[in-house]
Amino acid sequence: MALMDFIKKQFIDILEWTEGGDGTLAWRYPMAGNEIQYGGSLTVRESQMAVFVNEGKVADVFGPGMYKLTTQTLPVLTYLKNWDKLFQSPFKSDVYFFSTRQQIDQRWGTTQPVTIRDKDFGAVRLRAFGNYAYRVADPKLFHTEISGTRDRYTVADLDGQLRALMLQHISDAVASSGVPFLDLAANQVEFAQQLATVTAPAFEKIGLKLEGVTVQNVSLPEELQKVLDQKIGMGMVGGDMGKFMQYQTAQAIPKFAEGGGAGGGIAGDAMGLGAGVALGQVLAQNLQQGLQGGAAATAAPTAPAAIAPDQVMATIEKLADLKGKGILTDEEFAAKKAELLKKLV
């Protein structure tokens, strides 16, 4: 009886796979040197596919269903092994099962800002993140290109490669969508569709199908966001440089005075106070010009008010800082600088 039990263990008559959890893409049936019984049963469940591999070559591929393993249901394997129609002996073959259900909530995101072309700003560096879903669509191709002879191949094994494919195509997706950066936040669905379209062929090359992509957030690095906020401020005042300078100067006075006094002592306090006074005078002049409006254009020109040299230099340094941040153009800075230099006592 023990001998008969031993013989029975050498032949496998039922081949099936019940997934024990999430995250497995490919699983090799454990043969352990055993042979498959001719006429045995192969069960492939919904959301699965099975592949027979003979001596390293992919033979027959099975979709969902129950199959009786004979020369009729294994035509490729029959050809490779040169079986005749009377063949009914046990045989050896590697059997791999593949999960074809969707692998959902796979995350993607930019670890570093990605530089893209933009029709409004020329070039911007953006950050973006979201998720995507995919499935195994071509188990034969996936086996030869990715999973190979491993006992188990999981979602985690493939995560880094797929995430890199998503990030690689962000620039192409933005260009294809034709949506300016400022409108991306309001058109995230369209951006996601374009990202899926340009990335899908890369998934197909390794036997996968990209089922969907979502974009949860698109943003700029902090330093670029500050510049964008300043440009938005310019737009809110209708591009009026005078009004914008009044606002910027008013915002800069306390910070500049604090910076001047950071040196400590009476000398540092005096520097901060002097800088504040100088910027205050510029602010007063700008406010007066704004209040006068059109009347100032018809009034007789008055002599420019005299400002101490150190105050002029402090103001020019502040304007240079604004130019360096891209708030003032070179022409605007040069005009203001020339105007201030005329006020030297």
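Quick note: numbers below take in every heavy atom, side chains included, and nothing from hydrogens, waters or symmetry partners.
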Task: Gap between atom CE of M49 and atom CZ of F97 - 0.5 Å precision - done: 12.0 Å

- [ ] On the 0 to 90° scale, with breaks at 30° and 60°, tag the F98-Y96 ring pair as parallel, tilted or perpendicular.
- [x] tilted

- [ ] Output all residues satisfying salt bridge (charged side-chain N to carboxylate O under 4.0 Å, His left out) with D159, sequence neighbours left out; order by chain, then residue number.
- [x] R163

Task: Contact check, side chains of Q48 and P64, non-hydrogen atoms, under 4.5 Å - done: no

Open item on the list: Can you give me the closest heavy-atom contact between A128 and V218, atom names plus distance?
Closed with: CB-CG2, 4.2 Å

Open item on the list: Under the rule for side chain to side chain donor-acceptor pair (under 3.5 Å), what residues qualify as partners of T43, not counting sequence neighbours?
Closed with: none

TODO: Measure the OG1-CG distance between T110 and L126 for me, rounded to the nearest 0.5 Å.
DONE: 7.0 Å

Task: Close side-chain approach of Q106 to Y134, heavy-atom, < 4.5 Å - done: yes

Open item on the list: Let's go through R150 and D157 carefully: what are the C-alpha distance in whole Å and the side-chain angles of both, what is the deciding distance for side chain to side chain contact (heavy atoms under 4.5 Å, CB included) to 0.1 Å, and is it a yes or a no?
Closed with: CA-CA 11 Å; R150 291 176 54 171; D157 295 326; 3.0 Å; yes

Task: Any L69 side-chain heavy atom under 4.5 Å of L74 side chain - done: yes

TODO: With side chain to side chain contact (heavy atoms under 4.5 Å, CB included) as the test, would you mind laying out the steps for H143 and V53 before giving the verdict?
DONE: CA-CA 10 Å; H143 171 78; V53 178; 3.9 Å; yes

Open item on the list: According to a hydrophobic-cluster definition based on side-chain heavy atoms being under 4.5 Å apart (Ile, Leu, Val, Met, Phe, Trp, Tyr only), do I146 and L25 belong together?
Closed with: yes

- [ ] Would you indicate whether K81, at its atom NZ, is surrounded by more than 12 heavy atoms from other residues, nucleotides or ligands within a distance under 6.0 Å?
- [x] yes

- [ ] To the nearest 0.5 angstrom, please state how far the CG atom of N34 sits from the NZ atom of K92.
- [x] 8.5 Å

Open item on the list: Do the side chains of R135 and E211 get close enough for a salt bridge, i.e. N-O under 4.0 angstrom?
Closed with: yes

Open item on the list: Restricting to non-hydrogen atoms, name the atom on P139 and the atom on V61 that form the minimum distance, rounded to 0.1 Å.
Closed with: CG-CG1, 4.1 Å

Open item on the list: Do L77 and Y38 land in one hydrophobic cluster if side-chain heavy atoms of ILVMFWY residues count as linked below 4.5 Å?
Closed with: yes

Open item on the list: Quick check against the 3.5 Å criterion: does T144 have a side-chain atom that pairs as donor or acceptor with the backbone of L141?
Closed with: yes

- [ ] Answer yes or no: is there a side-chain heavy-atom contact under 4.5 Å between V114 and Q112?
- [x] no

Open item on the list: Once rounded to the nearest 0.5 Å, what's the spacing between atom OG of S93 and atom CD1 of I12?
Closed with: 10.5 Å

Open item on the list: Under a 3.5 Å cutoff, is there a donor and acceptor pairing between the side chains of R28 and T149?
Closed with: no

Open item on the list: Looking at M31, I want to see if its CE is surrounded by more than 12 non-hydrogen atoms of other residues, nucleotides or ligands under 6.0 Å.
Closed with: yes

TODO: Scan for ring-ring contact (aromatic ring centres under 6.0 Å, His included) pairs involving residues 41-64, sequence neighbours excluded, and state none if there are none.
DONE: F52-F62, F62-Y67

Task: Shortest non-hydrogen contact between L210 and A200, atoms and distance - done: CD2-N, 4.1 Å

- [ ] Can you see which heavy atom on L195 is nearest to which on H169, and at what distance?
- [x] CD1-O, 3.8 Å

Task: Heavy-atom pair with the smallest gap, counting every atom of A173 and Q194 - done: O-CB, 3.7 Å

Open item on the list: By the ring-ring contact (aromatic ring centres under 6.0 Å, His included) test, which pairs, at least two apart or in different chains, include something from residues 200-219?
Closed with: none

TODO: Provide the closest heavy-atom pair for A196 versus V213 in the form atom of the first, atom of the second, distance.
DONE: CB-CG2, 3.7 Å

Open item on the list: Quick one, I206 and L162 - any side-chain contact, counting heavy atoms below 4.5 Å?
Closed with: yes

- [ ] Go through the steps to decide whether T73 and D60 satisfy the test side chain to side chain contact (heavy atoms under 4.5 Å, CB included), and finish with yes or no.
- [x] CA-CA 9 Å; T73 56; D60 298 282; over 6 Å; no

Open item on the list: Could you tell me if the side chain of Q103 sits less than 4.5 Å from the side chain of S99, heavy atoms only?
Closed with: yes

Open item on the list: I'd like to check the side chain to side chain donor-acceptor pair (under 3.5 Å) partners of R101; sequence neighbours left out, ordered by chain and number.
Closed with: E19, D22

Open item on the list: Please give the remaining members of the hydrophobic cluster of Y79, linking ILVMFWY side chains under 4.5 Å, ordered by chain and number.
Closed with: V76, L80

Open item on the list: Hydrophobic clusters here meaning ILVMFWY residues chained together by side-chain heavy-atom distances under 4.5 Å, can you tell me if F129 and Y132 are in one?
Closed with: no

- [ ] Let me see the working for Q216 and N131 under side chain to side chain contact (heavy atoms under 4.5 Å, CB included), right down to the final yes or no.
- [x] CA-CA 8 Å; Q216 298 176 352; N131 54 28; 3.3 Å; yes

Task: CD-OG1 distance between E339 and T315, expressed to the nearest 0.5 angstrom - done: 11.0 Å

TODO: Give the intermediate values and the outcome of ring-ring contact (aromatic ring centres under 6.0 Å, His included) for residues Y153 and W27.
DONE: CA-CA 7 Å; Y153 199 89; W27 178 76; over 10 Å; no

TODO: Using atom types as modelled and distance alone, determine if a side-chain donor or acceptor of T154 lies under 3.5 Å from a backbone N or O of T24.
DONE: no

Task: M66 side, atom CE; R45 side, atom CZ - distance, nearest 0.5 Å - done: 8.0 Å

Task: I170 and F191, any side-chain heavy atoms less than 4.5 Å apart - done: yes

